[in-house]
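Have a look at the structure below, then the notes.
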Amino acid sequence: MNKQGFVSLVGAGPGDAELMTVKAVRLLQHADVVVYDRLVSADILNLIPKGISRISVGKEVGKHCVPQAQINEIIVNLAKAGRKIVRLKGGDPYMFGRGGEEVLALKEHDIAFEVVPGITAASGCSSYSGIPLTHRGMSRRVQFITGHFNDNEPLDLNWQSIADPDSTLVIYMGLSNLPLAVHSLIDAGLPASTPAAAVQNGTTELQQRVITTLDQLNDAIHQKRMKAPVMIIIGEVVSLADELDWFQQSLENKRLEDSYEQNALNR
Ligand SMILES: C[S@@+](CC[C@H](N)C(=O)[O-])C[C@H]1O[C@@H](n2cnc3c(N)ncnc32)[C@H](O)[C@@H]1O
């Protein structure tokens with residue numbers, strides 16, 4: 001067993017730096033090197049003290065900056081060199097984060113590790129957009145699915161089992177295959193009028209939200225020119241979004257105030 005190196009696989013949460021766990025912040029402050037993903041926000045990177053090395057291994061859907069095998073190799077090599085590594089991943093490492101693959105690579109090389117959970121984007125977007133994932137009388141089940149398969153393989157999911165009107169459906173990486181997902185859900189029996197939402201850059205001051213119905217979701221997203229990261233939430237719970245909102249409206253009021261101020265300055 002290599003006693004020197006140690007890897008902490010740490011969830012950074014969905015964006016708002018204050019959603020990091022106390023443990024995650026402590027580990028960042030004592031690391032030798034932080035290896036981080038594209039979805040780790042600038043506010044979170046600002047928590048890394050000066051002098052600690054940072055390595056970006058950012059990945060985008062369809063544009064794999066650093067292939068997973070190479071990320072594994074980077075971490076393994078740093079650990080073999082005796083470094084204390086924080087492998088910082090957006091959201092939770094074990095929710096569509098390939099955290100399990102990285103841990104398997106560490107185990108293969110007898111490298112000691114720990115896994116620190118983070119708030120996954122589904123939870124962050126749910127809270128910050130006024131959409132509870134469950135609600136008595138509306139949703140008895142939550143399904144987390146990926147809308148994108150590795151290497152752009154066709155999205156081959158069991159739509160019959162997913163199209164359940166008593167559940168909340170949360171789609172990660174859902175943008176590129178959204179027309180197919182919507183069509184398949186309606187085809188499998190989910191009413192076209194089912195409330196549906198998209199949340200972009202959830203929990204950050206850049207958050208945007210659309211609230212619509214399943215059949216209008218794709219158009220609504222295009223109209224707002226939404227780009228990843230976007231979380232799709234489908235189900236009756238979305239109908240609570242305006243009533244339970246505490247974040248989006250204040251954000252929009254602030255944006256309005258800022259633009260009035262800017263216009264006044266330009267006059
Ligand atoms: C590769 S998955 C990583 C998920 C991450 N491990 C987690 O637990 O949230 C990336 C997808 O998560 C979702 N996502 C992550 N952060 C988000 C955010 N701040 N707002 C909306 N969606 C987000 C988007 O669907 C994005 O395409």
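Here the structure is a predicted model, which means the values were calculated and not measured. As the structure lists them, so they are numbered: ligands from 1, and atoms in each ligand from 1. When reading the values below, keep in mind they use all heavy atoms of this one structure, side chains included, and skip hydrogens, waters and symmetry mates.
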Can you establish whether the number of heavy atoms outside [X] located under 6.0 Å from its atom [atom1] is more than 12?
| X | atom1 | result |
| --- | --- | --- |
| E252 | CD | yes |
| K224 | NZ | yes |
| E153 | CD | yes |

Mark up the atoms of ligand 1 that fall under 4.0 Å of a heavy atom belonging to [X], in ascending order.
| X | answer |
| --- | --- |
| T120 | 7 (C), 8 (O), 9 (O) |
| G202 | 18 (C), 19 (N), 20 (N), 21 (C) |
| M95 | 4 (C), 5 (C), 6 (N), 7 (C), 8 (O) |
| M231 | 13 (C), 21 (C), 22 (N) |
| L39 | 10 (C), 15 (C) |
| C125 | 20 (N), 21 (C) |

Under 4.0 Å from ligand 1, counting heavy atoms only, is it the side chain of N201, its backbone, both or neither?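 Under 4.0 Å from ligand 1, N201 contributes backbone atoms alone.
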Tell me the contacting part of L175 for ligand 1: side chain, backbone, both, or neither, using a 4.0 Å heavy-atom threshold, strictly below.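 The answer is neither.
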Do any nitrogen or oxygen atoms of [X] come within less than 3.5 Å of a nitrogen or oxygen of ligand 1?
| X | value |
| --- | --- |
| M173 | yes |
| I119 | no |
| I171 | no |
| Y172 | no |
| A121 | yes |
| D92 | yes |

Does ligand 1 have an atom that lies less than 4.0 angstrom from a heavy atom of [X]?
| X | answer |
| --- | --- |
| V199 | yes |
| A228 | no |
| P14 | yes |

Side chain to side chain contact (heavy atoms under 4.5 Å, CB included) partner of [X], chosen from [options]:
| X | options | answer |
| --- | --- | --- |
| M20 | D43, L27, I44 | I44 |
| I234 | L169, V170, V182, I162 | L169 |
| V34 | I52, I85, I55 | I52 |

For Q68 and N72, test the side chains for any donor-to-acceptor distance below 3.5 angstrom and give the result as yes or no.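 Side chains of Q68 and N72: pair found under 3.5 Å.
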Treating Ile, Leu, Val, Met, Phe, Trp and Tyr as nodes and any side-chain heavy-atom pair under 4.5 angstrom as an edge, say whether V238 and Y172 lie in one connected cluster.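 Cluster IDs for V238 and Y172 match.
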Minimum heavy-atom separation for K227 and Q200, please, with both atom names.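 Result for this residue pair: N-OE1, 2.6 Å.
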Under a 4.0 Å N-O cut-off, is there an ion pair linking E102 with K89?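 So E102 pairs with K89 through a salt bridge.
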Give, for atom OH of Y128 and atom CG of D16, the distance between the pair rounded to the nearest 0.5 Å.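 Atom-to-atom, Y128:OH and D16:CG are 4.0 Å apart.
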